[in-house]
*Asks:* 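One structure coming up, written as structure tokens, with questions to follow.
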Amino acid sequence: KQEVTQIPAALSVPEGENLVLNCSFTDSAIYNLQWFRQDPGKGLTSLLLIQSSQREQTSGRLNASLDKSSGRSTLYIAASQPGDSATYLCAVIANSGYALNFGKGTSLLVTP
Amino acid sequence: DARVTQTPRHKVTEMGQEVTMRCQPILGHNTVFWYRQTMMQGLELLAYFRNRAPLDDSGMPKDRFSAEMPDATLATLKIQPSEPRDSAVYFCASGLVPQVGYTFGSGTRLTVV
């Protein structure tokens, strides 16, 4: 069974810092990996999708990398802002069935 | 922007009552998921459909939960009878497999008292 782990569980940084969120998964046979953002009391917003054949994807200040062989992905946020405060969820998509397996998320607080 | 629509947004019900949650997936998407989110367990997959056919419902308590997709524009999740431990946020998501990348609805927050 695929296990997805996100470290750290919570993170507090001052505005302007660059930061890295980590995601690891136990089964490297994945179709792709998706990063989501969730604001309190809200649904999930897709941030980045990385196909299994890709190494990274970028969108604005966000960069996500994927190392399938080691079972790791990182989400890099450059020049963090208070508006980035949210929970960030990593999900791997299985080769079979294409279901999403989620980590428990990293709760990020960016202080002014 | 196309979106997944879930109703109701909030539901408070008494233990033992039937609860029905509805989801309208994005038109043209062939895969629909139901997830449950709690503080303790995070996001758990309950069931999903491909082209309206159930693919996997192993995450659901079979004695009280049922999921159906009567047509391509509607997916339902029913709980009968409901219990306090069912209190959670229930999310529906849809996508076009294999060009995956899934879109989530805003969720139904269920409270069973």
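If you're wondering where the values come from, they're calculated on a predicted model, not measured in any experiment.
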*Asks:* Quick one: do A/Phe25 and A/Tyr88 end up in the same hydrophobic cluster if we chain Ile, Leu, Val, Met, Phe, Trp and Tyr together by side-chain heavy atoms under 4.5 Å apart?
*Replies:* yes
*Asks:* Are the side chains of A/Leu100 and B/Tyr35 in touch, meaning some heavy atoms are under 4.5 Å apart?
*Replies:* yes
*Asks:* Hydrophobic cluster membership, with links at side-chain heavy-atom distances under 4.5 Å among I/L/V/M/F/W/Y: are A/Leu21 and A/Tyr76 in one?
*Replies:* no
*Asks:* How far apart are the closest heavy atoms of A/Ser46 and B/Tyr102, and which atoms are they?
*Replies:* CB-O, 4.3 Å
*Asks:* What distance do B/Met40 atom CE and A/Lys104 atom NZ have between them, rounded to the nearest 0.5 Å?
*Replies:* 7.0 Å
*Asks:* Counting heavy atoms not belonging to A/Arg72, are there more than 12 under 6.0 Å from its CZ?
*Replies:* no
*Asks:* Tell me, side chain or backbone of A/Gln38 under 4.5 Å from chain B's heavy atoms, or both, or neither?
*Replies:* side chain
*Asks:* Is it the backbone or the side chain of B/Gln37 that comes under 4.5 Å from a heavy atom of chain A, or both, or neither?
*Replies:* side chain
*Asks:* Find out if a path of hydrophobic residues (ILVMFWY) with successive side-chain heavy-atom gaps under 4.5 Å connects A/Phe102 to A/Leu48.
*Replies:* no
*Asks:* Does any non-hydrogen side-chain atom of B/Arg50 lie less than 4.5 Å from one of A/Tyr98?
*Replies:* yes
*Asks:* For A/Arg55, I'd like to know if atom CZ has over 12 heavy atoms of other residues, nucleotides or ligands within 6.0 Å.
*Replies:* no
*Asks:* Which heavy atom of B/Leu45 sits nearest to which heavy atom of A/Ala99, and what is that distance?
*Replies:* CD2-CB, 3.8 Å
*Asks:* Do B/Phe33 and A/Tyr31 share a hydrophobic cluster (ILVMFWY, side-chain heavy atoms under 4.5 Å, transitive)?
*Replies:* yes
*Asks:* Determine the option with the most heavy-atom pairs under 4.5 angstrom with chain A, choosing from B/Gln6, B/Arg109, B/Gln41.
*Replies:* B/Gln41
